[in-house]
**Q** 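Below are the structure tokens for one structure; questions will follow.
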Protein chains: 2
Amino acid sequence: MISLLEFDKTPSYQSVRDAAMRLRGITVRTPLLESLALNEKLGARLFLKCETLQHTGSFKFRGAYNTLSRLSPAQKAAGVIAYSSGNHAQGVALSAKLLGIPATILMPEDSPTIKLNNTRGYGATVVTYDRYHQSREEIGEKIAKDGNLTLVKPYDNYFVISGQGTVGVEIAEQLKARDTRADICTAPTGGGGLIAGTSLALRELSPTTKIYSAEPEFFDDTFRSLAAGEILQNEDGHRSICDAIVTPAPGKITFGINKLTLAGGLVVTDEEVKAAMRTAFHYFKCVIEPGGAVGLAALLEGKVDIHGKTVVAIASGGNVDPALYSDILKEED
Amino acid sequence: MISLLEFDKTPSYQSVRDAAMRLRGITVRTPLLESLALNEKLGARLFLKCETLQHTGSFKFRGAYNTLSRLSPAQKAAGVIAYSSGNHAQGVALSAKLLGIPATILMPEDSPTIKLNNTRGYGATVVTYDRYHQSREEIGEKIAKDGNLTLVKPYDNYFVISGQGTVGVEIAEQLKARDTRADICTAPTGGGGLIAGTSLALRELSPTTKIYSAEPEFFDDTFRSLAAGEILQNEDGHRSICDAIVTPAPGKITFGINKLTLAGGLVVTDEEVKAAMRTAFHYFKCVIEPGGAVGLAALLEGKVDIHGKTVVAIASGGNVDPALYSDILKEED
């Protein structure tokens, strides 16, 4: 039986490598794409790490599978619960299915239909809540306690962060195979699990790479927390199309890492995100969801100077409703 | 100087291997994706070979680069001409740019804007014609003769077919790495270069794989030619959204191969193609253009029985105008 205290440990490069071993043959080694035409336009060499092509359409499957695969037989039999705007939900649901674990998922009632349906499609029991008036943490912990379920938090979890870090391992290896390395890497940042794990990997494998969180306007808690040196909350009452990453504040474990590993935080508007989604459609033929395109948007909009540099944007997910995607494609830049 | 007679030779497995060597490090080794959710829905294991993620957004870059890289210095200096509905155009334009060769491209005046713009974006000179009333072959041969340009035909060319065949090499290798092999492979078929080259590779590397051409309704010339044992033309006066593959008849070289290597031909409607594009959006987060989705459509629609089988659909291109793609996403299945 894994003590839940294990979940609260601080991940390291070694725990990321360990996750990479565990996930080999299970997760997709997603492609690192570049567009020669876009490179020329930008005057930079830009790579897109397509976690959109990961199982369940986002990187979240990595951390979820890494975590669930570590549970004891008794924990597996009792089942797991997760709360998520949708991508962690799908990651947990598919992992649970592959490992034969019952899963209950707590999702905002206004999650994209595609995410609700996919989560149910993987066989999970979905419970919805009102994200603007209810605390998912409280509801999740109550259901976990009542049913003796293991709560798998979306980012503040040792195995989750370590699993997400395998994205960074792949980026370093894939660039090395091309005889290059990244000057800059950006990742969409909600709770900070992806960028915490990725930065642990890159700090070891590519120490000169500067890593920046990317967030939507009004949800720039990591940017402001990094600047302040302490965890700050987002103001209530704002909305963003980036449903995947509108978390209230950085995680404790993730921020503990990120304040040491990141070069800073970048912030983009919803309009800049939409433009990045169109760029990805045009140059990469990749469907990116709004929250997944924030890191690309930050680079395309020059929130950090990329001229003459080799840069990587992690496209963290592709689960966007077709109607919204259609509308975004039809808008003008 | 390469004699143009070289272009008319019949490709072989060896010429495909030779192309694979030539293209190493130049072309993208495109991912072979599967969706666990779609597999479950279909009761089959379906892989998508994403040539949408190839440079220029289609497999055509393979054959174009393989051909242009073989030209003599004098031929390179004089330049090349190609006629194309758009994907071969972009493949030739980018190859020419990378190799420092002037390129003139003859394109239908009603080509998708994205294809016209991209081709110009790679620095090629674009000449347009009326595809319903003018012969691109006649215009192309005249320009070639007048300017002493080397004409690079879109499919009936030894080096082009050999280059496209590297898709088949990769499919076989990628499946082998997963300890499996394909029972069935489908490829969108216009002039037949992709499927001819691919079938040469698969016949050698995966001899039990049955390979089927996939074509849109009214442009099923390969299907009917295979059945008749001789080259048949398409009837005039029809239209299809599959602009990439609405060729008038199979090529001579390609048909000479395909009549020996293919198990048969499959035909789909435009509506079935649109449904396949939506499936690719949903399960693979991949943008496929109409002509590129024909092989996937044939499998999804059960034009050949896939139940319990391992099957591969080549998604041959992703160059679709955003307005059309938006409209297709919004339609109901």
Side-chain angles (χ1 to χ4, degrees), chain A residues 25-26 28-38 40-41 48 50-58 61 90 93-94 97-98 114 117-118 121-123 177-179 277-278 280-289 292 315 317-332, chain B residues 25-26 28-38 40-41 48 50-58 61 90 93-94 97-98 114 117-118 121-123 177-179 277-278 280-289 292 315 317-332:
Chain A
I26 305 286
V28 178
R29 189 177 172 87
T30 55
L32 188 70
L33 300 176
E34 69 179 317
S35 159
L36 304 182
L38 182 61
E40 184 166 305
K41 187 177 165 195
L48 194 68
C50 292
E51 281 299 295
T52 54
L53 306 181
Q54 187 54 262
H55 290 314
T56 71
S58 94
F61 177 62
Q90 291 177 72
L94 176 60
K97 180 177 175 152
L98 294 174
I114 188 174
N117 288 345
N118 288 355
Y122 292 122
R178 290 169 169 87
D179 288 322
M277 292 169 68
R278 289 189 288 269
F281 171 89
H282 186 81
Y283 289 97
F284 293 103
K285 319 302 175 196
C286 281
V287 177
I288 313 184
E289 64 180 281
N319 293 309
V320 51
D321 278 335
L324 173 62
Y325 193 74
S326 295
D327 288 342
I328 291 172
L329 278 191
K330 284 197 172 170
E331 289 171 26
E332 293 291 322
Chain B
I26 305 286
V28 178
R29 187 176 174 87
T30 56
L32 188 69
L33 300 176
E34 68 179 317
S35 159
L36 304 182
L38 182 60
E40 183 166 305
K41 187 177 166 197
L48 194 68
C50 292
E51 281 300 295
T52 53
L53 306 181
Q54 187 55 260
H55 290 313
T56 71
S58 93
F61 176 63
Q90 291 177 73
L94 177 60
K97 178 176 175 150
L98 294 174
I114 186 174
N117 288 346
N118 288 355
Y122 292 121
R178 291 170 169 85
D179 288 322
M277 291 170 69
R278 289 189 288 268
F281 171 88
H282 185 83
Y283 289 99
F284 294 103
K285 318 302 175 196
C286 281
V287 177
I288 313 183
E289 64 180 281
N319 293 309
V320 51
D321 278 335
L324 174 62
Y325 193 73
S326 294
D327 289 342
I328 291 171
L329 278 192
K330 284 198 172 168
E331 290 173 25
E332 294 289 322

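In what follows, every chain begins at residue 1, and chains take the letters A, B, ... in the order their sequences are listed.
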**Q** Heavy-atom pairs under 4.5 Å with chain A are the metric here; pick the option from B/F284, B/Y122, B/F281 that has the most.
**A** B/F281
**Q** Who pairs with A/R29 by side chain to side chain donor-acceptor pair (under 3.5 Å), at least two apart in sequence or on another chain?
**A**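 Partners of A/R29 under the side chain to side chain donor-acceptor pair (under 3.5 Å) test: A/E173.
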**Q** B/Y283 versus chain A, heavy atoms under 4.5 Å apart: side chain, backbone, both or neither?
**A** neither
**Q** Hey, which of A/A177, A/P322, A/A323 has the most heavy atom pairs under 4.5 Å with chain B?
**A** A/P322
**Q** Working to the nearest 0.5 angstrom, can you tell me the gap between B/S326 OG and A/D327 CG?
**A** 8.0 Å
**Q** Looking only at heavy atoms and a cut-off of under 4.5 Å, which of B/G318, B/G25, B/P31 has the most pairs with chain A?
**A**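 The residue among B/G318, B/G25, B/P31 with the greatest pair count is B/G318.
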**Q** In terms of heavy-atom proximity below 4.5 Å to chain A, should B/E289 be classed as side chain, backbone, both, or neither?
**A**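 Neither; nothing under 4.5 Å.
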**Q** What part of B/I288 is in contact with chain A, defined as an atom under 4.5 angstrom from a non-hydrogen atom: side chain, backbone, both or neither?
**A**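 It is neither, since no heavy atom gets under 4.5 Å.
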**Q** Atom CG in A/D321, atom NE2 in B/H282: separation rounded to 0.5 Å?
**A**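 So the CG of A/D321 and the NE2 of B/H282 are separated by 9.5 Å.
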**Q** What distance separates B/L33 CG from A/Q54 CD, expressed to the nearest 0.5 Å?
**A** 10.0 Å
**Q** Is atom NZ of B/K330 surrounded by more than 12 heavy atoms (other residues, nucleotides or ligands) closer than 6.0 Å?
**A** yes
**Q** Can you list the residues that meet the side chain to side chain donor-acceptor pair (under 3.5 Å) rule with A/T30, with sequence neighbours excluded?
**A**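 Listed in chain order: A/K49, A/E51.
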**Q** So which residue, B/V320, B/T56, B/L36, ends up with the most heavy-atom pairs under 4.5 Å with chain A?
**A**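 Winner by heavy-atom pair count: B/L36.
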**Q** At a 4.5 Å cut-off on heavy atoms, which part of B/K97 comes close to chain A: side chain, backbone, both, or neither?
**A** side chain
**Q** Only pairs of heavy atoms separated by less than 4.5 Å count here; which of B/V28, B/N319, B/L98 has the most with chain A?
**A** B/N319
**Q** Considering only heavy atoms, which portion of B/N118 lies under 4.5 Å from any heavy atom of chain A: side chain, backbone, both, or neither?
**A** side chain
**Q** At their closest point, which heavy atom of B/C286 faces which heavy atom of A/V287, and how far apart are they?
**A** N-CG2, 4.3 Å
**Q** What class does the angle between the rings of B/Y325 and A/Y325 fall in, given that below 30° is parallel, 30 to 60° is tilted and above 60° is perpendicular?
**A**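 If you compare the ring of B/Y325 with that of A/Y325, the planes turn out perpendicular.
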